[in-house]
Undergrad: 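The structure's right below; bear with me while I get my questions together.
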Amino acid sequence: MNEQKIPVTVLSGYLGAGKTTILNHVLNHRHGLRVAVIVNDLSEVNIDAGLVKDGGGLSRTEEKLVEMSNGCICCTLREDLLREVEKLAMENRFDYILIESTGVSEPVPVAQTFTYIDEDQGVDLSRFCRLDCMVTVVDANRFWHDFSSGETLLERRQAVNEDDTRDVVDLLIDQIEFCDVLILNKCDMVAEEDLEELEQVLRKLQPRARLIRTVQGKVDPAEILNTGLFDFEKASQSAGWIRELENGFHTPETEEYGISSFVYERIRPFHPGRLMEWMEDWPVEIVRAKGIMWLATRNDYAQSISQAGPSIRFGPAGYWVAALSEEERREILQEEAELARDWDPAYGDRVNKVVFIGIDMDKDKLIASLDRCLLSDEEMNEDWSDFPDEFPNVGEMAAERPGR
Ligand SMILES: Nc1nc2c(ncn2[C@@H]2O[C@H](COP(=O)(O)OP(=O)(O)OP(=O)(O)O)[C@@H](O)[C@H]2O)c(=O)[nH]1
């Protein structure tokens with residue numbers, strides 16, 4: 001077995017962002033590294049693999065191109081990925097493995113493939129490989145168009161299968177919020193001012209990743225190979241909203257472009273009718289919101305809210321600890337010091353806590369409008385179960401709103 005673990009870089013990014021272009025550029029400037037490349041394509045004909053072959057960056061004798069077609073390595077082909085990587089590592093002749101995922105691939109399950117032991121297959125990739133860097137490529141020219149399109153992958157005929165209900169914007173956000181390096185490609189197609197604004201937004205959404213601008217995927221290979229940047233725990237905690245919500249880390253405002261964020265926190269439940277109206281008229285200046293909400297009509301369990309562009313997802317997020325039996329509650333509070341510290345004498349852990357990230361947000365106005373959705377002092381003394389509640393129980397709540 002290898003003494004040294006083979007480093008792996010994974011390229012993610014929505015369809016057409018420039019992954020293959022970057023891959024070819026890196027292969028043509030790899031300074032003697034023997035690279036094995038895995039190219040994943042949803043369709044049967046692996047077009048990207050053809051482009052990599054034609055790109056001429058791989059030595060035909062020493063290196064290898066593995067084509068994984070007709071599925072996605074983050075879901076249907078996950079086990080195949082596991083086996084292919086194991087095989088490549090066993091060959092013991094490559095210095096590096098570069099993976100190009102499909103444009104609709106989620107980075108988290110791909111990263112998990114490298115970090116967790118697969119009990120079913122009996123494969124533990126972490127014995128041979130070291131996930132070095134998760135790269136997400138963003139198309140600077142298409143970003144706002146895709147972000148605000150309100151379309152699903154199915155509508156664009158880009159879904160993995162008929163059950164794939166993801167919105168394009170949710171995929172974009174998942175790819176941005178979990179990575180070590182963000183490559184903003186196609187910078188030749190966007191005016192400098194718009195690029196700077198987009199960069200600031202990306203930094204708010206993903207403060208940890210290195211941000212690199214490129215044209216035609218011309219990135220210095222050292223920026224994405226052998227970086228030592230990947231750390232599952234850190235990557236999982238790197239989204240801008242997590243940092244603000246859980247770690248109290250506030251990224252500085254960028255006055256020039258009006259990009260800002262704030263946490264809305266209130267220990268008082270929302271009136272479901274008024275909150276519903278607020279959500280249906282979702283302020284267009286909010287780019288991303290994430291957090292938990294307390295609805296008066298659902299006093300036992302927290303609701304999660306996750307919004308990105310026109311996609312708003314709302315649904316149950318588990319029981320409030322305050323709604324559990326006294327014994328369970330005591331047990332949990334003994335284990336979780338932070339929870340015990342923030343415990344409200346009357347309402348326990350029930351709280352509204354949501355991060356808002358946006359452009360040109362009028363924070364005071366937004367807070368005041370949300371405050372009006374909370375129960376009034378009078379309503380606090382009424383029977384909460386009588387309030388009208390049209391929120392769905394599970395799944396998605398889509399609200400119409402104009403795009404950016
Ligand atoms: N103007 C411009 N075009 C670019 C740039 N980078 C890539 N392209 C073009 O954009 C198109 C898509 O690039 P690809 O590298 O195939 O993108 P991809 O992310 O691999 O696409 P999929 O594999 O379909 O997900 C190609 O026609 C590229 O030539 C760039 O920086 N500027």
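All ligand and atom numbering here is 1-based and tracks the order in the structure. Values below: every heavy atom of this structure, side chains too, minus hydrogens, waters and symmetry copies.
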Undergrad: Atom 12 (C) of ligand 1: which of A140, G103, G16, A17 has the nearest heavy atom?
TA: G16
Undergrad: For ligand 1, which atoms, with element, lie under 4.0 Å from some heavy atom of V215?
TA: 31 (O)
Undergrad: With nothing but distance in play, are any N or O atoms of G18 less than 3.5 Å from an N or O of ligand 1?
TA: yes
Undergrad: Given N185, I22, T214, V137, identify the one with the heavy atom nearest to atom 6 (N) of ligand 1.
TA: N185
Undergrad: Between L15 and ligand 1, which part of the residue brings a heavy atom under 4.0 Å of the ligand: side chain, backbone, both or neither?
TA: both
Undergrad: Just go through E100, M189, K186 and tell me whose heavy atom is the nearest to atom 10 (O) of ligand 1.
TA: K186
Undergrad: Report yes if some N/O of Q216 lies less than 3.5 Å from some N/O of ligand 1; otherwise report no.
TA: yes
Undergrad: For the residue pair Y319 and Y301, categorise the inter-ring angle as parallel (less than 30°), tilted (30 to 60°) or perpendicular (more than 60°).
TA: perpendicular
Undergrad: What is the minimum heavy-atom distance between C133 and T227, and which atoms define it?
TA: CB-OG1, 3.5 Å
Undergrad: Any Lys/Arg nitrogen of K290 or E177 sitting under 4.0 Å from an Asp/Glu carboxylate oxygen of the other?
TA: no
Undergrad: One thing to verify: whether R30 and D95 come together as a salt bridge, which I'm taking to mean a side-chain N less than 4.0 angstrom from a carboxylate O.
TA: no
Undergrad: What residue and atom, counting heavy atoms only, is the protein's closest point to atom 15 (O) of ligand 1, and at what distance?
TA: T21 OG1, 2.5 Å
Undergrad: Going by the closest heavy atom to atom 18 (P) of ligand 1, which one wins out of R213, K218, K19?
TA: K19
Undergrad: So, regarding G217 and ligand 1 (criterion: nitrogen or oxygen to nitrogen or oxygen, under 3.5 Å), is there a contact or not?
TA: no
Undergrad: Of all heavy-atom pairs between T136 and F178, which one has the smallest distance, and what is that distance?
TA: OG1-O, 4.2 Å
Undergrad: Return the residue, atom name and 0.1 Å-rounded distance of the protein heavy atom closest to atom 32 (N) of ligand 1.
TA: D188 OD1, 2.9 Å
Undergrad: Does the protein place any heavy atom closer than 4.0 Å to atom 26 (C) of ligand 1?
TA: no
Undergrad: Is there a polar contact between ligand 1 and C187, counting only N or O atoms under 3.5 Å apart?
TA: no
Undergrad: Can the ring centroids of F128 and F114 be said to lie less than 6.0 angstrom from one another?
TA: no
Undergrad: Among all protein heavy atoms, pick out the one at the shortest distance from atom 23 (O) of ligand 1; state its residue, atom name and that distance to 0.1 Å.
TA: D48 OD2, 2.5 Å
Undergrad: May I ask you to check whether W278 and F270 place their ring centers less than 6.0 Å from one another?
TA: no
Undergrad: Mind checking the NZ-OG spacing from K5 to S126? Nearest 0.5 Å is all I need.
TA: 5.5 Å
Undergrad: Determine the minimum heavy-atom distance between M361 and S260, stating which atoms define it.
TA: CE-O, 3.3 Å
